[in-house]
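First up is the structure itself, then whatever we jot down about it.
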Amino acid sequence: MLYSKMGWAALLVVCLSHPAAFGEDLVEFVNGSTLTGKMLEIRKDAREFDFSSKFGQTAVIRTYPYASVHAVTFNGKRFVLTPKQAMSAGETSTGETTRTPAELRKHIEQVGGTPPDWLASTDMNHPSSLDLDWPLKPSGKWDESKNIGQYIWGRVNPNVSRWKPGIKLVHHVMERHQRNPTLLKRDMEKLGEMYFTLLQDYPRAAYWLQKAKVSATTPTGIHLAECYWRLGSKPMAMDMLKGRSLHLNAIKLLGDMGEVDKAMALTASYANTNSFNEAFLNAGDALRGAGRLDEAIEYYQRVLDINKARNAEYLKRYQARAAESIEAIKLFDKADVSRVADGTYTAHSTGYNGQMDVEVTVADQKIRDVRVTKHSEKQFYSALTDTTTQIIDQQGIQDVDGTSGATITSQAIVSATARALAKGAN
């Protein structure tokens, strides 16, 4: 291991005082993925650091625990933080069963039950016009300067710099609602959702979602099941997903966990409901991730064949997603980077809220960069960087997954990347 005598964290603190002298830093995660950008702040006592990476023209700042990082390269020197052989799969988000239920509950209580190191020093920057009483049902027209839920949706989610202040705002409001069980439950559920979707802080997401007693009939309940899986206990995840009335987001999660037959059984339960389009698309994504491509195409094709949705706009989105997913599968061979000429290629696909543009750079038969350059998404922003990082790390599009609920955004990036790579195929 390449440790300096004063320790890697101390060295980084010294180096950070002269950031202009160095190029990009590199983080190597224990799950094999990598990320380039800039180291911003290291908190040795909390065993975590803040890292800034680029998404399009936007800097995305996230906090990473030492336990999830194998090594960092700073100023041309590489420092190992967590030897891979000593890393439990529960910390790598691989989904392997490495923690017993008792161990995982203890882990969630110990880690998730403590505030993140950045919380105390983060200033809330919400408008003073916000109604901090935050009623369950807002009155009047949509007003992001008054209703907290609408403010989070329209101003916090799309703005990385507001993620942490937004989470602190919900913590603050939750303190005001200690004597109102109904509002308190809503606050805890929103807090868990934000830790999950924005920061992918699974211990804290699980802690607050447990406190809110979410059910697997809801999207947040599927988030909780995914937290259990990614934190190292598939049995706890499966126990939560054993009910009969699961939310349709469980289809893709079950597929990611290798339970494809259960995913298909759940899809069948939605076949004659108004949610059949989402169910069939999720089924196609699950089968696609499992390598069962012909079956995946069949489910995507069913969306095109039935040709029905609650309104014309939704039908347009569903059919675009289905058609683009079929196209991506058929382009898998052309999307083989070894067949792609050097260059930068652009393409688009359909996300949750509309068109998503992607730019892919190839050099020396390697995918050097994948950037989402334009989008209209309002949630699951983590997918915008996580999916592109996976594509670069895996040098392809076939084994990319996405967190529960973020499948639409993730698969849109995959489809657009496939289109882009195909343009340069020999």
Side-chain angles (χ1 to χ4, degrees), residues 95 189 192-193 196-197 206 209-210 212-230 233-311 313-326 329 350 352 379-380 383 401-412 414:
E189 184 172 3
E193 180 184 38
F196 182 93
T197 60
L209 292 175
Q210 286 181 164
K213 298 180 180 179
V214 295
S215 162
T217 61
T218 66
T220 50
I222 306 306
H223 292 341
L224 179 55
E226 181 165 349
C227 286
Y228 292 153
W229 174 57
R230 292 189 180 274
S233 181
K234 181 179 175 181
M236 282 184 69
M238 292 302 296
D239 186 60
M240 186 153 191
L241 299 176
K242 67 182 180 182
R244 295 182 179 180
S245 302
L246 299 177
H247 189 273
L248 58 82
N249 285 354
I251 295 171
K252 181 60 165 58
L253 177 57
L254 286 166
D256 288 343
M257 292 195 297
E259 301 290 339
V260 181
D261 290 342
K262 287 183 172 61
M264 295 305 102
L266 179 58
T267 302
S269 71
Y270 277 97
N272 296 316
T273 71
N274 292 331
S275 300
F276 72 89
N277 281 304
E278 297 100 316
F280 291 162
L281 289 168
N282 283 353
D285 294 341
L287 289 162
R288 181 171 163 182
R292 293 161 59 169
L293 303 184
D294 290 341
E295 294 173 81
I297 290 175
E298 290 178 8
Y299 273 95
Y300 294 136
Q301 188 63 48
R302 290 175 73 175
V303 174
L304 299 174
D305 292 343
I306 295 175
N307 192 31
K308 181 180 178 182
R310 54 182 165 177
N311 60 48
E313 179 59 32
Y314 275 90
L315 179 61
K316 180 181 178 181
R317 292 183 192 177
Y318 294 146
Q319 296 211 320
R321 279 195 60 218
E324 290 162 2
S325 296
I326 292 173
I329 291 174
T350 304
Y352 188 86
Q379 57 183 338
F380 298 112
D401 65 5
T403 58
S404 57
T407 302
I408 294 175
T409 302
S410 181
Q411 293 301 332
V414 168

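Throughout, residue positions are numbered sequentially from 1 according to the sequence presented.
A distance of 8.5 Å separates CG of L293 from CZ of R288, quoted to the nearest 0.5 Å. Taking OG of S325 as the reference point, atom CG of L287 lies at 12.0 Å (rounded to 0.5 Å). Note that CG of D239 and NZ of K234 are 13.5 Å apart. Values are rounded to the nearest 0.5 Å. Between M257 atom CE and M238 atom CE the span is 5.0 Å, to the nearest 0.5 Å. For the atom pair OG of S275 and CG of L281, the computed distance is 11.5 Å after rounding to the nearest 0.5 Å.
A296 and G284 make their closest contact through CB-O, 3.4 Å (heavy atoms, listed as atom of the first residue, atom of the second, distance). The shortest heavy-atom contact between V214 and G221 is CG2-CA, 3.7 Å. Minimum heavy-atom separation, W229 to L253: CE3-CD1, 3.9 Å. Closest non-hydrogen pair, A237 versus A225, comes out as CB-O, 3.2 Å. Nearest heavy-atom pair across A250 and L241 is CB-CD2, 4.2 Å. Heavy-atom minimum distance, Q319 versus N307: NE2-OD1, 3.0 Å.
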CA sep, side-chain torsions, deciding dist, call: N282, N249, side-chain contact (heavy atoms from CB on, under 4.5 Å):
CA-CA 7 Å; N282 283 353; N249 285 354; 4.0 Å; yes
Please evaluate residues E278 and Y314 with respect to the criterion side-chain hydrogen bond (donor to acceptor under 3.5 Å, both in side chains), reporting the C-alpha separation (whole Å), side-chain torsions for both, the decisive distance (0.1 Å), and the verdict.
CA-CA 10 Å; E278 297 100 316; Y314 275 90; over 6 Å; no
Decide side-chain contact (heavy atoms from CB on, under 4.5 Å) for I222 and M240; before the verdict, give the C-alpha distance in whole Å, the side-chain angles of both, and the deciding distance to 0.1 Å.
CA-CA 8 Å; I222 306 306; M240 186 153 191; over 6 Å; no
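Salt bridge annotation for R302-D305: absent, with no cationic side-chain nitrogen under 4.0 angstrom from a carboxylate oxygen. Ion pair D256/R230 not flagged as a salt bridge, since none of the NZ, NE, NH1 or NH2 atoms sits closer than 4.0 Å to an Asp/Glu carboxylate oxygen.
Checked against side chain to side chain donor-acceptor pair (under 3.5 Å), E298 has no partners two or more places apart in sequence or in another chain. Among residues two or more places apart in sequence or in another chain, the ring pair (Phe, Tyr, Trp, His ring centres under 6.0 Å) test is passed with F280 by F276, Y299. Listed by chain and residue number, E295 satisfy the side chain to side chain donor-acceptor pair (under 3.5 Å) test with R292 (two or more places apart in sequence, or in another chain).
In this structure a side-chain-to-backbone donor-acceptor pair under 3.5 Å is missing from K252 to D285. Side-chain atoms of N277 come within 3.5 Å of backbone N or O of K308 as a donor-acceptor pair. Side-chain atoms of Y300 do not come within 3.5 Å of backbone N or O of I326 as any donor-acceptor pair.
Cation-pi geometry between R321 and Y318 is not met at under 6.0 angstrom from the ring centre and within 45 degrees of the axis.
Atom CG of N274 is surrounded by 12 or fewer heavy atoms from other residues, nucleotides or ligands within 6.0 Å. Taking a 6.0 Å sphere around CG of N311, one finds it holds more than 12 heavy atoms contributed by other residues, nucleotides or ligands.
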